[in-house]
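These numbers come from a predicted model, not from an experiment. In what follows, chains carry the letters A, B, and so on, assigned in the order in which the sequence lines appear, proteins first and then strands, with residues in each chain numbered from 1.
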2 protein chains.
Amino acid sequence: MKLQQLRYLRAIARHNLNISEAAQHLHTSQPGISKQVRLLEEELGVPLFHRSGKHLTDMTDVGKKILHYGEKILQDVDNIRAAADEACDDQNGELRIATTHSQARYVLPPIIDHFKTRFPGVRVQIHQGSPPQVGGMLAHGEADFVIGTDPIAHSGQMVLLPAYRWYHCVVVPRDHVLAKEGAITLERLAEFPIVTYLDGFTGRTKLDADFKRAGLTPEIVLTAADADVIKTYVRHGMGVGIIAHVALEPGYDDDLVALNTHPAFSPNITRIGFRRGAWLRGYMFEFIAMLAPHLGAEQVARAARDPDAPAVQKLLTQIKLPTRGPSRSSVRA
Amino acid sequence: MKLQQLRYLRAIARHNLNISEAAQHLHTSQPGISKQVRLLEEELGVPLFHRSGKHLTDMTDVGKKILHYGEKILQDVDNIRAAADEACDDQNGELRIATTHSQARYVLPPIIDHFKTRFPGVRVQIHQGSPPQVGGMLAHGEADFVIGTDPIAHSGQMVLLPAYRWYHCVVVPRDHVLAKEGAITLERLAEFPIVTYLDGFTGRTKLDADFKRAGLTPEIVLTAADADVIKTYVRHGMGVGIIAHVALEPGYDDDLVALNTHPAFSPNITRIGFRRGAWLRGYMFEFIAMLAPHLGAEQVARAARDPDAPAVQKLLTQIKLPTRGPSRSSVRA
DNA sequence: TATAGTTACGTTTATCGTAAGTATC
DNA sequence: GATACTTACGATAAACGTAACTATA
């Protein structure tokens, strides 16, 4: 058994059992992969794939088990590489973040700014996508971290730590009738056409639940994946916007008024996740601390090693989480 | 990076940083290992060992981290092998048990007997040793299971499940003065010279605690690692024996009388352990069930996958454990 | 001086890429 | 007929073992 055979196996599985595609992706020849797969099957004495003639139709049950261990092995190989890189140089490297629009656009810029000043030698990549997409990037090892609010595909392979709490707020143009009212009720809010996030984005799930609990069915006239689009339509008078408070930019959004509701919307929790058992480099710990100061290096390291340990569970539930933007008690921005 | 390099690294670490010894153990040449280590260090760009001239004196910090991931990798390689073997044949294989004398001598024989009838194709190995030794065998992958009572070196790599509960009992020759008394108190017992287990063997820790709690310091005139020796000295009138009740063999020990104490000795729990994340073969699940019928295949499989899961923790603490031998309520054998 | 690790070298094996062949869709 | 996997083959490279060398304890 060789590590490359496992890499080939993984690549085939990730490319819909298409060996040619996998070969292309690995910059190698298709017969080479074909042969190594046969060799591995021969060595282990079991077929890894169901075949119809010369086409791979599906993986066998054993194949799936073997792939599972193979992926673990390849992750640990990456861990060894990362540990070695870390040892010879803790200032240079890569930081790959998979995240949603809200974070990439409003929350991360000042943090990345700070990070780049502190670690100029680290190349930072920000991959943007929907919650399911960013979860997939993490699982496939294309990103080191995922940052997001909405339920991210939480396979047992992922460790998710709470980063901060935030609230939705209502935004209207300065001349809107609501702009003159104080904290508004959900009932009052539901009288207006609403512009807000797409389902599954930026806490939309919580919003819907809040309205449902109040027995209201607001008229949502437009939904978008990001607050920039929402704000634009609010400016055009399409309706009342509901966005994350962190999505308001002082200096740019002064033509809008932000209002809280009474009772307040439910809090949302944005989390940062990484692969279970991943080797985190020094600058990664510092990045986490910049995003969420309560997540110290030792605690995060423990969570990476053993996310189910009681001490980590305690961290997940009992921690005093910082709030970004105004808290529920403040009424008006 | 190659799997063999990791095997070499592990072998060196396990042979006191002696490359020649490691080479001998792996049936390969010493220069071969030497070279592969250099190549790995070169590829990773970090030294794995501290050297004084040409001798390895210690592992570097990175080296230890890398070794840690290397061992995980090699275990998963074994898991792949086992999964493949399982798939092509679930009747043949190996069952390697590391255990202490008490289990090997009194508890396991009928179970192994039953197992061999059910799985004649499985080669069974029983490695006997002290509790620390058997823990080491498991950690080094020389055994699939460890079975024992006393605190076994419980690294995070090991999953320990409770198998059964048992009690100590007092044994004396038929003509001994105690043989005529009913349940005897600890105070009465402490009037006699005691023959029992060595420290660290077969629940000796619990025994000492029981006496200490009663404010007694019995005169222990002889200690041995196994009950056969203890019984022999009891027959010779050296003193009163305290052994595990399971160590009494009907038909062979009828010249001895077993007595319980009042209050009873504390219960002991014998556990079965295996490596975390190990791939368990079908016959291994059945073996566990033969030893401890309450440990079903699904529960054990879940414990192997994720020993810290809440459901597994519940299994560890809340389970109704079977008792081997008379329970604390029965007074006299 | 004995033990242990490195360097040097030749053999053998295996991996990879190109090119031709063959079976599905 | 187009796409996709397999077989065949040659070049390159890497791993292994033997033997000679060197440094430590």
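Annotation: Q24(A), atom CD; neighbour count of heavy atoms from other residues, nucleotides and ligands within 6.0 Å does not exceed 12.
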Checklist entry - For every nucleotide of nucleotides 13-25 of chain C, 5' to 3': is a protein heavy atom under 4.0 Å from its base (B), only from its sugar-phosphate (S), or from neither (-)? => result --SSBBB-B-SSS
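Among the heavy atoms of the strands, none lies under 4.0 Å from I33(A). Residue L17(B) is in sugar-phosphate contact alone, with no base atom involved, counting any heavy-atom pair closer than 4.0 Å across all strands shown.
Remark: R38(A) is in phosphate contact with dT6(D), judged by side-chain N or O atoms under 4.0 Å from OP1 or OP2. Regarding contacts with the backbone of dT24(D), every side-chain N or O of R51(B) stays at 4.0 angstrom or more from both OP1 and OP2. Considering only side-chain N and O atoms, S20(A) lies under 4.0 angstrom from the phosphate OP1 or OP2 of dC5(D). Side-chain N/O atoms of N18(B) include none lying less than 4.0 angstrom from OP1 or OP2 on dT3(C).
The pair D90(B)-R281(B) fails the salt-bridge criterion, with no side-chain N (NZ, NE, NH1 or NH2) lying under 4.0 Å from an Asp/Glu carboxylate O. Taking a cutoff of 4.0 Å between a charged side-chain nitrogen and a carboxylate oxygen, R118(A) and E286(A) qualify as a salt bridge.
Applying the ring pair (Phe, Tyr, Trp, His ring centres under 6.0 Å) test to every pair with at least one member in residues 11-41 of chain A, sequence neighbours left out, gives these pairs: H15(A)-H25(A).
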Which donor-acceptor pairs under 3.5 Å do side chains of residues 35-43 of chain B form with protein atoms, sequence neighbours excluded?
from	atom 1	to	atom 2	distance (Å)
Q36(B)	OE1	Q5(B)	NE2	3.0
E41(B)	OE1	R51(B)	NH1	3.4
E41(B)	OE1	R51(B)	NH2	3.1
E41(B)	OE2	L48(B)	N	2.6
E41(B)	OE2	F49(B)	N	3.4
E41(B)	OE2	R51(B)	NH1	3.2
E43(B)	OE1	M1(B)	N	2.7
E43(B)	OE2	R81(A)	NH2	2.8
E43(B)	OE2	M1(B)	N	2.6

